[in-house]
2 protein chains.
Amino acid sequence: MDLSSIEIFLAVASDRSVTKAARAVGRVPSNVTTRIQQLEEDLGACLFCRDGKKMTLTREGETFFTYANRLMALALEARQAVRPLAPSGTLRVGTMESTAASRLPAALTQFNQMWPDVSLQLTMGASRDLARDVLADALDCALIARPPKTVRQDDRDFDAELEALAMETVFVEDLLIVLPSGHPAIKSAADLRVGALAALEPGCTYRRIAENWARQSSALPTSELGSYHAILASVATGNTAGVMPKSVLDLMHWPAVLPTHQLGPVETLLVSRRDNRPSAFSAFHEVLSATKSRDMRLATN
Amino acid sequence: MDLSSIEIFLAVASDRSVTKAARAVGRVPSNVTTRIQQLEEDLGACLFCRDGKKMTLTREGETFFTYANRLMALALEARQAVRPLAPSGTLRVGTMESTAASRLPAALTQFNQMWPDVSLQLTMGASRDLARDVLADALDCALIARPPKTVRQDDRDFDAELEALAMETVFVEDLLIVLPSGHPAIKSAADLRVGALAALEPGCTYRRIAENWARQSSALPTSELGSYHAILASVATGNTAGVMPKSVLDLMHWPAVLPTHQLGPVETLLVSRRDNRPSAFSAFHEVLSATKSRDMRLATN
DNA sequence: AATGAAAATCTCTTTTTCAGAATTTGGATG
DNA sequence: CATCCAAATTCTGAAAAAGAGATTTTCATT
């Protein structure tokens with residue numbers, strides 16, 4: 001039983017899918033399958049019901065799930081407890097809207113409990129701008145979307161800036177096109193029956209990915225909105241298709257279930273300058289990593 | 001940070017020596033060194049002070065030590081919690097005197113807390129007899145000393161019986177010759193200034209090892225006693241040399257410190273029949289393994 | 001029945017772990 | 001102060017494990 005198996009187990013348990021879990025933990029599905037089998041072998045118990053293609057927890061799996069969460073929480077706490085110089089002062093964190101909405105609440109709560117003496121300064125912005133701010137030392141670190149090759153080719157400056165930064169994947173998002181309710185399923189942008197794409201600022205990586213995808217087969221204008229709530233409201237009018245990660249859509253429990261189209265997985269990176277990282281940064285980094293695939297409600301060891 | 005590193009860390013921390021820890025966890029010292037270095041690297045903190053050849057915990061090491069214990073305890077608890085069929089009924093355990101005295105108290109306490117419904121039936125005896133009882137299904141399992149080659153050659157039946165059993169190393173003992181206080185240090189049995197060796201029954205592996213060692217250079221009679229307390233008392237008379245593992249000597253806080261001679265490490269095996277193992281057996285096995293290198297006083301996660 | 005997606009299996013490559021030898025270090029002893 | 005001894009570390013090659021990718025199987029959906 002090793003902690004990385006437990007992380008994998010938690011991912012499978014919460015996604016109920018080895019494919020998704022594999023993406024979440026940055027591994028290949030065959031590997032996830034194997035690790036789960038090893039874990040079951042080691043514990044001498046069957047953790048998942050494989051009925052059909054769903055992976056649901058067995059009774060024993062449920063039991064182990066709570067222990068797995070406690071183990072991860074305890075490991076994180078141990079890690080933080082041995083930090084030789086206790087973090088303090090201010091940590092300036094930049095983040096995308098989407099991450100702030102979906103992922104940060106749990107992580108920030110945890111971080112505040114552990115390091116009440118660190119004051120976190122949160123700045124919202126587009127990936128493009130956040131990266132520049134980190135490089136200019138206006139931020140200590142930032143959570144941005146990794147731009148795919150197509151975007152990096154369009155914007156060589158951005159690419160160069162990223163090269164100069166230290167980065168690590170902390171989350172993986174499913175980027176979606178959200179369609180008005182009743183809109184037929186689409187294969188490509190050509191099938192869209194809307195007048196515009198609703199997205200955030202121009203520097204937003206998600207927006208760029210969506211625009212790249214859209215201009216392959218249609219010439220759709222982008223209507224710029226200030227928040228994901230605004231985007232969803234705009235979609236509800238029936239005339240636009242929204243761009244947002246699945247995790248954001250999930251937490252906005254919208255009355256009706258909207259048809260969506262997947263644009264594929266996009267990694268969320270934690271970027272920072274290579275040198276001169278404040279002690280609070282590594283603490284923050286660890287908390288984010290631990291939050292990756294874990295249910296924070298169970299975090300009180 | 002993986003659980004096997006933590007086990008290694010605990011062994012080094014409690015032995016304050018990588019050589020001893022390596023023996024305790026059944027690995028080679030270079031490996032232990034490497035794993036500790038990896039752990040320190042991973043945590044970004046120095047866990048041990050290497051002043052001279054002592055490995056003492058740093059402040060961070062002390063902190064981590066308590067977390068390491070809690071993590072191991074929690075992992076054990078998780079393991080037990082997912083057992084598909086809860087152990088119950090009676091488990092007949094055979095054990096050597098020495099193991100009963102030094103190692104079992106902690107393990108049995110833990111086991112009782114976890115499985116109050118299992119009634120443990122403890123039988124004391126010599127390794128030779130215990131092995132035979134397990135084979136004859138008079139016991140479910142037994143803790144015996146692994147006889148070295150020399151002993152196995154003397155007793156082919158014993159050897160054959162062991163072959164037929166499933167076995168796993170659970171502890172490693174330092175077998176000692178305990179000399180009367182004031183006795184000069186010895187290199188071999190020829191240096192002994194006593195009239196006899198004090199040991200337990202003839203079937204006792206420790207006794208056989210000592211007798212084999214003694215007859216290489218002298219013709220010492222063995223005086224047979226009923227308990228380790230009796231042996232120590234006999235040593236105190238000045239006329240005998242006692243045979244016992246270091247762990248037993250350590251817990252008998254004798255007023256004076258007695259000179260000792262090391263006969264080398266001897267493994268304690270948990271043996272059982274290969275088939276038909278009751279569900280309580282694996283639970284017991286797990287508890288013993290977890291107890292191996294851990295301080296049970298900290299076991300309440 | 002055909003299709004498609006997801007999990008499992010298999011195979012090969014890469015990485016990590018481990019053992020054993022060689023080296024270094026520090027303490028003890030003459 | 002030199003010598004010896006034991007313990008830790010470093011180094012190197014072999015063995016084991018993890019991981020990726022291709023292939024197969026399985027099961028929902030049409």
N/O (side chain, A/T33) to phosphate O (OP1/OP2, C/dT9) under 4.0 Å: no

Heavy-atom pair with the smallest gap, counting every atom of B/I36 and B/F9: CD1-CA, 3.7 Å

What pair of heavy atoms forms the shortest contact from A/T63 to B/A81, and how long is it? CG2-CB, 3.7 Å

Contact state string [nucleotides 17-30 of chain C, B base, S sugar-phosphate only, - no protein heavy atom under 4.0 Å]: SSBB-----BS---

Correct closest heavy-atom pair for A/E163 and A/R274 would be O-NH2, 2.7 Å

Do you know which two heavy atoms are closest between B/T58 and B/C46, and how far apart they sit? OG1-O, 2.7 Å

Run the numbers on A/R146 and A/T268 for side chain to side chain contact (heavy atoms under 4.5 Å, CB included), then give the verdict. CA-CA 6 Å; A/R146 179 198 290 277; A/T268 303; over 6 Å; no

Is it the case that the side chain of A/R152 and the backbone of A/P147 share a donor-acceptor pair, with hydrogens and angles ignored and the cut-off at 3.5 Å? yes

For B/F48 and B/F64, I'd like to know if the aromatic rings sit close, meaning centre-to-centre distance below 6.0 Å. no

Contact interval (first through last nucleotide) of DNA chain D with protein chain B, 4.0 Å heavy-atom: D/dA6 to D/dT10

Please find the pair of heavy atoms, one from B/L192 and one from B/A241, that lie closest to each other, and give the distance. CD2-CB, 4.2 Å

